[in-house]
Each structure stands twice: as structure tokens, then as C-alpha cells.
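Written out below as C-alpha cells is the structure these notes cover.
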Amino acid sequence: MAFRLYNTMSSQVEEFHPLRNREVRMYACGPTVYDYGHIGNFRTFIAVDMLQRFLRQSGYTVRYVMNITDVDDKIIRNAARDGVSVQQYTAKYEKAFLEDSAMIGIEQPTLVRATEHIAQMADFVAKLVKRGIAYRTDDGSYYFRIASFPRYGRLSKKDFGGMLDGARVDVDEYDKDSARDFALWKAPKPGEASWETSIGPGRPGWHLECSVMSMAELGESFDVHAGGEDLIFPHHENEIAQSESFTGKPFAHFWFHVRFLLVEGEKMSKSLGNFYTLRDLVLKGHKPSSIRYLLTSVPYRNQLNFTFDGLKQAAVSVERLRNFRQRLAAGSFPSGSCLEMQSLAAETVDRMKSALDDDLNTAQAHAALFEMVRRANAAFDANGIKQDDVPLLLAALEKFDEIFAVLKGNDVPQMKQVSDWASTEGRKKDISLELREAVQSGQLSDADIEKKIAEMVAARNGRNFKFSDALRAELTAAGIVIENTKDGVRWRRK
RNA sequence: GGCGCGGUACCCAAGUGGUAAGGGAGAGGUCUGCAAAACCUUUAUGCGUCGGUUCGAUUCCGACCCGCGCCUCCA
């Protein structure tokens, strides 16, 4: 079955076919690096990451480019407030963004930065001016003339036809031909970052960078352009207007937008006190894998209600999957194969693929996997799994994880990284007891743990349960979970 | 006001014109020295409300109620 993806432009789920044979070119509007990323940001970037992963799993070669907006009003303001240069200011948050992305399992795309493409942007504006599509105002800013682009509003389904210029109250926007015209280039203001260019001094407007950089990296027409739903208007509408005016060709083929999430049933906002950066959550002791799992559990076009209860549930679900994996990996099985398990694994792979083929229905992919886990666990208990079944079941799990990326590792290194960061930032007091415990479970080496377990087993064999239980309690306190199974003791870090 | 999305069990959350996936939580049970893990059973005659279409609607249509998003730089 072909991959079907919702396209904001057509408001429909369409069959996905790249413009070039087996190569997908996609661009995502990345972060403006003026602060630490919040979970809403990461829902979007994780959704795009999953799209990219699924396309590759489906056999496409993917060229995935993301921009870093490293100059804008907020950055200029905050840098000035902190008394540092724009570059110094953004470097810190770009680094944090990349660390956070890696922590939450996002594969790094090719990155492009606005400040590294200033000259190209100026040339772009110059060409639009030459064609009468853009114009310069007295202060040295440049605007895009929306009247020159009849298709304006097609993406966001807005009708600007009947709207009279001046009907809006933007009378103080003195020089613009029309209130709707948007800035391509902003003239310098005293004390603001500014570049000398072929069209004069100043800095780029926000929309310009994405047109210029996406086309520079991916060509004039490419397959997917992604971002949060808020970008549909005006950002992406403006990108289309600029780009298609510039090239005379269709810009992006598919428009992929991720719905905003809710936190505890309400829009996330600082004033409501439900605003969380990724680091805030890890400081509270939540694992990156739980956060990623929760963010991937609801299909990207549905509203996701992010709650702390949900986060706990996600943690349990990830545990269950990891336990299952370890059970298979560590268990011993009789030789041969079992038809039921063989077909279960194959069926599950198929079901996950169809679920994701259907506009990335991650909830259904989860359901398919959990059904396999339950049935395989039951077979395990009934000795119904044979040696040759194990690689197939593990492969199905691996297929899942190629997209969802929550099974590998144990989160301890990532959590330690956040803990260390908090210490160096003078936020030691924000490190929760839970985080401290999680980090501690990384202190004991595997050899230490196995030595303790050997003592424990010896005690138990001597029916000295009191001592054995004491050792187990000690390990539990250190964040190590002990499980006695028919194949011996199995352990893992919590 | 314009455009759009959603309201499914205690919580999260899929889905379909023919009788409700999955996860978590609760209860009971199996296994076990005890745990842990795992499995089994169980928890919505019901899918916001009221009408309509239909042999049949949670699924289609209409109205209403509630929540949410975008409408100039918030992912």
C-alpha cells in the first residue's frame, strides 16, 4: 500500500509520491534559538523526525533540511538585555536545542542558518524588486507586494480578494502600499544587528530565510515542507508567495503541519504555569523516552493532551516493551520454529506499516505492537516460542523502534547530562529527588551489580531469604530492578 | 465575525454504515519462599445533546451545547 499523507494545501489525505523517483526532499521550519525548547516545539520536531524515519524505512532516500533562525526581534532584544552579541546569544541556545533533540531521539537533519545566507537573501530581494514584485520604502526596508500574487491565501484558505486596503487600522504602517504586504527586509535600527548588502544595510525578514535556504539546499521545487500549525499563516503563505514569484514554479508539494498540544487540558502558556521545556521535565525526573513515547502516541494531526499522568503511563508502557525485548534477548528457547509466532511477527510488521502508511497513524501502530507483545508473552509463558521465532519477533520490535525510538538505552546518560547542566547553570536546587535517583542508578557498574546478584543467588540457594532480600532491597534502592526467572536472575536499571 | 479541528469507559486514546483497537489504572485469579516480570478474567447495550436519513448510525445530514486552533512573526 502506498503512503498516504495529509496535505494542508489540498486539505486532503493524498498518495505520497516524491517528485524524483525514490528521493524525498524535505524542509522543516526549525527553532528560533532565543530560549530552551519546550515540549510543544518537540512535538513538532519529533513528528517530522518520525515522518523522515518512516520515509527511509519505506525505502526512500531522504534529504532533510532544517533551518535555525538565529536572528529576529526576540533574539536581538534578549541579546541586548544580556549584554552579549547576537552570535554569542544564539550559540548557547542552538547548542541546547541540538542537545535536547539528540536526548529525545531526533536524528539531526542538515542544518542551515539564517545569518549564513544573508547575501543570497539580499540577491533574492533584488530580483523581486527588479520584477516589480517587491518594493523599497523610504526607510530602506523592502516589502512583498501581495497584490502581485493572486494565489495568496490558498494554503491558509483565506480570501483576500474582497479585502480593501486601509480597511484595517494599520495606518501607522506608513510606507507600505498595502497593509497586508509583508517585510522581506528590515532596515537597520540603532543598536540592532545589521548587515551591509547589495540592497543596502539591514536584516532579513523572517519568511525570507526559509525560501532562500530551502531552495538553495533542495531546489526550486521539493517534496515536503513541514512545521507547526501556527506557521500556515502567515509564514508558509508568505514563503509560497515569495518563492513562486521568484521561480515561477511550484514550491513545496506537500505541506505537513503538526497540531499544537495541550498541557493538562489547556493551552500551554507561561501565564497559566503549565509551560514546560524539555529540561524542566527531565529535572522533575521524567525520562526522555517517556516524553518521546507520549509525544508520539497521538497522531500528529490530533490534539494531544500532555499530562503528568500520561507521562507516568508512557513510562510504564515503555517499560513493558523493554521488558519484553529483554525477555526475548536473554531467554533460552528450544530449537525449531512455531508457525503461530512466525505469522504473528509478520502480521505485526504489516499492521504497523499499514498504520503508518495511513497518514502516520501512530496510535494504531502502537496497538499492533502491543498485541504482538501480549500474544508473544503468553506464548513465552506457555513455552510456545522457539529459537527461530526470536529473531523475527525482535525484528518486528526493531522495525517499530526505527520509527519510535524509545527502546534503546536506559535514559540514564541523558538524565545525567541534564543534571550536570543544572549544576553548572546554578540550578542545582531544581534537580528533583527522582532525577537524582535515576542518575545514581548509573553509578554502579555492571560488574558491581553482577557481583551483588551472585551473592544474592548464593544466599537464596542456601535458603537464607532474609539476606537475599536485603541484598535485593539494596539494589532496588540503587535503582536496579531484580527479576528472578526460570532462566536465572535478570536485572535492569530503572 | 471568517476558516478549521475535536467531544469515545476512571485516565490517555484509535476506529467503523452492521453492532466499540491499544495503553494505563482498579478488582479477582495463575505463577512465585517473597517480590518483580508475565499471563488470564473483569470494567462503555455505549461513543456531547436533540432531531433526521437508513432495515440498521457512534460512524452520514441538520440544529444546539462544550472545548481547542489560526486570522501579521507562538512549534
Side-chain angles (χ1 to χ4, degrees), chain A residues 8 11 28-32 37-48 69 72-74 153 156-160 162-163 168 170 173 179-183 205-207 226-235 237-238 257-262 265-270 275 293-294 297-299 301-307 309-321 323-324 326-327 351 355 358 361-371 373-382 460 463-466 468-469 472-473 476 481-486 489-492:
Chain A
T8 307
S11 306
C29 289
T32 300
H38 56 71
I39 51 177
N41 297 124
F42 287 107
R43 178 189 197 195
T44 296
F45 299 134
I46 287 174
V48 183
T69 298
D72 90 320
D73 292 346
K74 278 188 296 287
S156 53
K157 314 291 180 285
K158 290 183 196 303
D159 182 10
F160 294 99
M163 200 167 263
R168 288 201 137 217
D170 292 321
E173 297 279 3
R180 284 277 167 188
D181 289 356
F182 60 88
W206 174 40
H207 316 298
E229 63 169 334
D230 59 316
L231 300 183
I232 296 171
F233 189 88
H235 185 53
E237 199 72 74
N238 290 353
H257 293 105
V258 182
R259 185 118 196 236
F260 270 18
L261 54 68
L262 257 38
E266 294 186 285
K267 179 172 178 164
M268 180 168 67
S269 76
K270 283 178 180 163
F275 183 94
Y293 183 93
L294 179 56
S297 63
V298 177
R301 284 200 295 130
N302 294 5
Q303 199 164 52
L304 180 156
N305 186 11
F306 192 98
T307 65
D309 191 40
L311 211 41
K312 271 186 230 147
Q313 296 178 9
V316 178
S317 298
V318 172
E319 274 297 302
R320 182 165 154 86
L321 295 176
N323 285 340
F324 174 71
Q326 199 190 7
R327 242 188 153 187
R351 283 182 59 195
D358 183 14
N361 192 331
T362 51
Q364 296 228 307
H366 276 149
L369 186 71
F370 274 102
E371 194 166 323
V373 170
R374 182 173 43 76
R375 286 171 59 188
N377 265 325
F380 188 104
D381 287 351
R460 208 172 51 225
R463 302 197 65 79
N464 185 353
F465 295 123
K466 202 164 182 182
S468 154
D469 288 350
R472 185 171 64 199
T476 303
V481 179
I482 304 298
E483 291 172 18
N484 299 319
T485 73
K486 61 182 159 63
V489 176
R490 205 168 67 201
W491 65 271
R492 61 196 153 83

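Throughout, a chain's letter reflects where its sequence line sits, starting with A, and its residues are numbered from 1.
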- Would you indicate what A/Asn484 reaches in the nucleic acid, counting non-hydrogen atoms under 4.0 angstrom: base, sugar-phosphate, or nothing? base
- Task: For B/rU8 and B/rA57, measure between their C1' atoms and round to the nearest Å.
- Result: 14 Å
- How far does the P atom of B/rU19 sit from the matching atom of B/rA36, given to the nearest Å? 40 Å
- Task: Specify whether A/His366 and A/Tyr293 have parallel, tilted or perpendicular ring planes, treating 30° as the upper limit for parallel and 60° as the lower limit for perpendicular.
- Result: parallel
- Task: Look at the side-chain N and O atoms of A/Lys157 and state whether any lies under 4.0 Å from the OP1 or OP2 oxygen of B/rC5.
- Result: no
- Task: Write down the distance between CG (A/Leu321) and P (B/rA37), rounded to a whole number of angstrom.
- Result: 14 Å
- Message: Tell me whether the side-chain N or O atoms of A/Glu266 pair up with the base of B/rC68 as donor and acceptor below 3.5 Å, since no angle test is needed here.
- Response: no
- Taking the C1' atom of each, how far is B/rC55 from B/rC40, in whole Å? 39 Å
- Message: For the CG atom of A/Asn302 and the CG atom of A/Leu261, what is their distance to the nearest 0.5 Å?
- Response: 12.5 Å
- Side-chain N,O (A/Arg375) to OP1/OP2 (B/rC40) below 4.0 Å: no
- Query: Heavy atoms under 4.0 Å, any strand shown: does A/Ile232 hit a base, just sugar-phosphate, or nothing?
  - Reply: nothing
- Task: Could you say whether A/Val481 or A/Lys74 is positioned toward the 5' end of RNA chain B, judged by the nucleotide with the nearest heavy atom to each?
- Result: A/Val481
Taking only N/O atoms, report every protein-nucleotides 27-31 of chain B pair under 3.5 Å with atom names and distance.
none

- Query: B/rA35 C1' sits how many Å from A/Arg490 CZ, rounded?
  - Reply: 14 Å
- Separation of the C1' atoms in B/rC74 and B/rU41, to the nearest angstrom: 49 Å
- Base, sugar-phosphate, or nothing: which does A/Leu261 touch, judged by heavy atoms less than 4.0 Å apart? base
- Message: At 4.0 Å (heavy atoms only), tell me whether A/Asp72 reaches a base, stays on the sugar-phosphate, or touches nothing.
- Response: nothing
- Nearest-angstrom distance, P atom, B/rC12 to B/rG7: 12 Å
- Item | Shortest side-chain distance from A/Glu483, nucleotide among B/rG67, B/rG23, B/rA36 | B/rA36
- Query: Can you list the residues that meet the side-chain contact (heavy atoms from CB on, under 4.5 Å) rule with A/Gln313, with sequence neighbours excluded?
  - Reply: A/Asp309
- Query: If the P atom of B/rU49 is compared with that of B/rC10, how far apart are they to the nearest Å?
  - Reply: 14 Å
- Query: Of all the choices, B/rC70, B/rG23, B/rG67, which nucleotide is nearest to the side chain of A/Asp230 once you look at every atom?
  - Reply: B/rC70
- Query: Pick from A/Arg490, A/Arg327, A/Gln326: which one makes a side-chain hydrogen bond (donor to acceptor under 3.5 Å, both in side chains) with A/Glu483?
  - Reply: A/Arg490
- Check the geometry between A/Phe260 and B/rA75 and answer yes if their rings are stacked (centres below 5.5 Å, planes below 30°), otherwise no. yes
- Message: From C-beta outward on A/Ala363, which listed nucleotide comes closest to its side chain: B/rA38, B/rA13, B/rC40?
- Response: B/rA13
- Message: I need the CG-C1' distance between A/Asp358 and B/rA21, as an integer number of Å.
- Response: 14 Å
- Query: Under 4.0 angstrom, heavy atoms only, what part of the nucleic acid is A/Gly227 near: base, sugar-phosphate, or nothing?
  - Reply: sugar-phosphate
- Query: In whole angstroms, how far is the P atom of B/rG23 from the CD atom of A/Gln313?
  - Reply: 12 Å
- Query: When all nucleic acid strands are considered with a 4.0 Å heavy-atom cut-off, which category describes A/Val258: base, sugar-phosphate, or nothing?
  - Reply: nothing
- Item | A/Leu231, nearest nucleotide to its side chain (from B/rG22, B/rA75, B/rC39) | B/rA75
- Message: Starting the side chain at C-beta, find the nucleotide from B/rC12, B/rA38, B/rG24 nearest to A/Asn305.
- Response: B/rC12
- Item | Interatomic distance where CG belongs to A/Asn361 and P belongs to B/rA21 [whole Å] | 15 Å
- Hey, where does RNA chain B pair up into stems, meaning at least three consecutive Watson-Crick or G-U pairs with distances under 3.5 Å? B:1-7 with B:65-71, B:10-12 with B:22-24, B:25-30 with B:38-43, B:48-52 with B:60-64
- State whether A/Arg460 places a side-chain N or O below 4.0 Å from either non-bridging phosphate oxygen (OP1 or OP2) of B/rC34. no
- Task: Examine the base of B/rC34 for any acceptor or donor lying under 3.5 Å from a partner atom in the side chain of A/Arg472, and report the outcome as yes or no.
- Result: yes
- Query: For A/Asn302 and B/rA13, what is the distance between atoms CG and C1' respectively, to the nearest whole Å?
  - Reply: 9 Å
- Query: Is the aromatic ring centre of A/Phe465 closer than 5.5 Å to the centre of the six-membered base ring of B/rG33, with the two planes inclined by less than 30°?
  - Reply: yes
- Note on the structure: Result for 5'-nearest mapping on RNA chain B, choosing between A/Lys466 and A/Phe45, is A/Lys466
- Among B/rG33, B/rC71, B/rG24, which nucleotide sits nearest the side chain of A/Ser468? B/rG33
- Message: A/Thr44 vs A/Phe260, test: side chain to side chain contact (heavy atoms under 4.5 Å, CB included). Steps then yes/no.
- Response: CA-CA 8 Å; A/Thr44 296; A/Phe260 270 18; 5.8 Å; no
- Message: Using the P atom as the point on both nucleotides, what is the distance between B/rG15 and B/rC5, in whole Å?
- Response: 15 Å
- A/Asn377 side-chain N/O to B/rC39 phosphate OP1/OP2 under 4.0 Å: yes
- Message: At 4.0 Å (heavy atoms only), tell me whether A/Asp309 reaches a base, stays on the sugar-phosphate, or touches nothing.
- Response: sugar-phosphate
- Roughly how far, to the nearest 0.5 Å, is the CZ atom of A/Arg374 from the CZ atom of A/Phe324? 11.5 Å
- Message: For a quick check of understanding: with a heavy-atom distance under 4.0 Å over all strands, which category does A/His207 fall into, base, sugar-phosphate or nothing?
- Response: nothing
- Separation between the C1' atoms of B/rG52 and B/rU45, rounded to whole Å: 22 Å
- Query: Looking only at side-chain N and O atoms, does A/Arg259 come under 4.0 Å of OP1 or OP2 in B/rG6?
  - Reply: no
- Determine the contact category for A/Pro31: base if any of its heavy atoms lies under 4.0 Å from a base atom, sugar-phosphate if only primed atoms, P, OP1 or OP2 are that close, otherwise nothing. nothing
- NE2 of A/His235 versus P of B/rC70: gap in Å, rounded? 16 Å
- Side chain of A/Val298: nearest nucleotide among B/rC68, B/rA14, B/rC39? B/rA14
- Message: For a quick test of reading the model, state the closest non-hydrogen atom pair linking A/Ala355 to A/Ala365 and the distance between them.
- Response: CB-N, 3.6 Å
- Message: side chain to side chain contact (heavy atoms under 4.5 Å, CB included), that's the test. Do A/Asp381 and A/Asn377 meet it? Break it down for me.
- Response: CA-CA 6 Å; A/Asp381 287 351; A/Asn377 265 325; 5.6 Å; no
- Query: For A/Phe233 and B/rG4, what is the distance between atoms CZ and P respectively, to the nearest whole Å?
  - Reply: 16 Å
- Message: Please determine whether any donor N or O and acceptor N or O are separated by less than 3.5 Å between the side chain of A/Arg43 and the base of B/rA75.
- Response: no
- Measure from the side-chain heavy atoms of A/Asp469 and tell me the nearest of B/rG33, B/rA37, B/rG24. B/rG33
- If the plane angle is over 60° it's perpendicular, under 30° parallel, otherwise tilted; pick one for A/His235 and A/Trp206. parallel
- Message: Side chain of A/Asp381 only, heavy atoms from C-beta on: which candidate in B/rC39, B/rC70, B/rG22 is closest?
- Response: B/rC39
